[in-house]
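The block underneath contains the structure these notes are about, expressed in structure tokens.
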Amino acid sequence: MRKKTTIGKILFVAFWLCIAGGMLTLLLAAIRKRNHGHCAGYEIVLKGARNNFFIDRKDVEQMLVTYLGGSLTSMPVSSFRLFEIEKMLEQHTWIESAETYFDNHDVLHVTINEKEPVARIFTNTGQSFYIDSAGKRMPLSDKMSARVPVFTNFTGAKKLTPADSMVLYDVRRTARFILEDPFWMAQVAQVDLLPNRQMEM
């Protein structure tokens with residue numbers, strides 16, 4: 001009886017070793033193919049908040065070609081450092097996050113999530129810029145203009161004081177409130193910032 005049990009265990013272990021060996025062989029073959037294959041093409045998907053696209057597919061293509069130093073489809077898959085490419089893309093003013101991967105057919109997939117402008121601000125020195133949902137400044141775009149609340153009379157100083165930062169925080173909160181309510185978006189043409197940290201709509 002013990003002999004049969006031992007043989008059964010040996011067969012069971014041998015079976016699983018064969019399965020593991022087969023899987024390892026397939027994995028190594030896939031890695032070898034990936035390392036020797038060339039990029040067969042690329043797919044770029046842009047996702048923007050409220051369908052505002054301040055960058056387009058050609059912008060992303062140009063960034064990739066410049067960074068990689070040549071046509072994407074002529075390069076070996078092994079030369080793509082996907083993590084580094086994502087970090088490079090995320091340095092762009094209008095890109096919130098980037099995700100890249102190769103599929104089983106050696107096609108590069110790039111998904112871009114665009115930053116969301118929540119307000120346009122005019123300073124008392126005549127400058128204008130957007131702020132995003134995190135309160136960070138973003139330049140205007142020559143591609144399009146975002147339909148967001150407009151705030152006027154913000155300081156034109158290059159360095160913000162703590163009081164200015166609080167005003168910017170209030171602007172961001174107010175802008176998000178207006179954006180999320182169709183009634184207020186229809187009613188508010190602009191918001192003037194007053195010296196006492198109050199706002200006049």
Side-chain angles (χ1 to χ4, degrees), residues 20 23-121 127-149 151 154 158-160 165 168-169 171-173 175-180:
M23 291 179 70
L24 181 61
T25 301
L26 289 174
L27 179 62
L28 291 173
I31 291 172
R32 193 177 301 112
K33 178 182 178 293
R34 173 62 49 88
N35 288 339
H36 292 90
H38 282 71
C39 177
Y42 53 92
E43 182 69 32
I44 297 172
V45 176
L46 298 173
K47 295 181 179 179
R50 298 179 180 84
N51 295 318
N52 292 326
F53 294 108
F54 291 88
I55 57 171
D56 57 31
R57 179 186 163 99
K58 291 197 175 206
D59 294 329
V60 178
E61 284 178 8
Q62 187 57 48
M63 290 170 69
L64 292 170
V65 167
T66 301
Y67 183 76
L68 295 168
S71 174
L72 304 184
T73 53
S74 67
M75 302 183 70
V77 171
S78 59
S79 68
F80 287 80
R81 303 286 183 259
L82 297 182
F83 179 77
E84 293 174 10
I85 291 171
E86 289 172 3
K87 292 303 169 193
M88 177 274 297
L89 292 169
E90 288 168 358
Q91 290 175 2
H92 190 277
T93 303
W94 286 102
I95 295 177
E96 179 69 35
S97 63
E99 180 181 333
T100 59
Y101 68 92
F102 277 97
D103 64 18
N104 292 334
H105 303 289
D106 291 338
V107 174
L108 175 65
H109 292 262
V110 181
T111 302
I112 300 293
N113 289 298
E114 193 175 40
K115 285 183 181 175
E116 175 187 7
V118 296
R120 182 169 180 179
I121 296 178
Q127 298 171 319
S128 181
F129 57 88
Y130 293 113
I131 60 169
D132 66 11
S133 53
K136 294 180 181 176
R137 290 188 184 208
M138 298 188 298
L140 302 182
S141 170
D142 56 2
K143 292 186 184 298
M144 69 172 298
S145 179
R147 188 173 178 271
V148 292
F151 292 77
F154 186 70
K158 290 187 177 180
K159 187 173 182 181
L160 298 183
S165 296
L168 196 60
Y169 174 77
V171 166
R172 181 168 55 94
R173 286 184 59 198
R176 289 189 70 87
F177 174 80
I178 295 171
L179 269 176
E180 290 167 7

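Numbering starts at 1 and runs along the sequence shown.
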Review point. Atom OG1 in Thr111, atom CD in Glu86: separation rounded to 0.5 Å?
Key: 9.5 Å

Point to revise | Side chains of Glu61 and Leu72 in contact at under 4.5 Å (non-hydrogen atoms) | key: no

**Study point:** Euclidean distance, Ile121 CD1 relative to Leu168 CG, rounded to 0.5 Å
**Key:** 5.0 Å

**Study point:** Beyond-backbone contact of Leu82 with Leu108, side-chain heavy atoms, under 4.5 angstrom
**Key:** yes

Practice item. Work out which heavy atom in Ala40 is nearest to a heavy atom in Val107; give both atom names and the distance. Key: CB-CG2, 4.4 Å

Point to revise | Heavy-atom side-chain proximity of Ser97 to Glu90 below 4.5 angstrom | key: yes

Check your understanding: Considering residues, nucleotides and ligands other than Arg137, do more than 12 of their heavy atoms fall under 6.0 Å from its CZ?
Key -> yes

Review point. How far apart are the closest heavy atoms of Arg176 and Val118, and which atoms are they?
Key: NH1-CG1, 3.8 Å

Check your understanding: Stepwise, does the side-chain contact (heavy atoms from CB on, under 4.5 Å) test hold for Val110 with Leu89?
Key -> CA-CA 10 Å; Val110 181; Leu89 292 169; 4.0 Å; yes

**Study point:** Closest non-hydrogen atom pair between Pro149 and Phe151, with its separation
**Key:** CB-CE1, 3.7 Å

Check your understanding: Should we count OH of Tyr169 as having more than 12 external heavy atoms under 6.0 Å?
Key -> no

Exercise for review: Measure up the His109 and Tyr101 rings against each other and bin them: parallel (under 30°), tilted (30 to 60°), perpendicular (over 60°).
Suggested key: parallel

**Study point:** Atom pair NE2 (His92) and CD1 (Ile55), whose distance is rounded to the nearest 0.5 Å
**Key:** 5.5 Å

Review point. Less than 4.5 Å apart, any side-chain heavy atom of Met63 and any of Met88?
Key: yes

Check your understanding: So which heavy atom on Ser128 is nearest to which on Leu140, and how close?
Key -> O-CG, 3.8 Å

**Study point:** Presence of salt bridge, Lys87 and Glu84, under 4.0 angstrom
**Key:** no

Exercise for review: Before giving the answer on side-chain contact (heavy atoms from CB on, under 4.5 Å), spell out for Phe154 and Leu160 the whole-Å C-alpha distance, their side-chain angles and the decisive distance to 0.1 Å.
Suggested key: CA-CA 11 Å; Phe154 186 70; Leu160 298 183; 4.0 Å; yes

Revision key, fill the gap. So OG1 of Thr93 and OH of Tyr130: to nearest 0.5 Å the spacing works out to 13.5 Å

Review point. Pick from Leu46, Asp59, Ile112: which one makes a side-chain contact (heavy atoms from CB on, under 4.5 Å) with Ile95?
Key: Ile112

Review point. What orientation do Phe54 and Trp94 show, parallel under 30°, tilted 30 to 60°, or perpendicular over 60°?
Key: parallel

Exercise for review: Indicate the atoms forming the closest heavy-atom contact of Pro117 with Val148, along with that distance.
Suggested key: O-CG1, 3.3 Å

Check your understanding: For the residue pair Phe129 and Met138, what are the closest heavy atoms and their distance?
Key -> CB-O, 3.5 Å

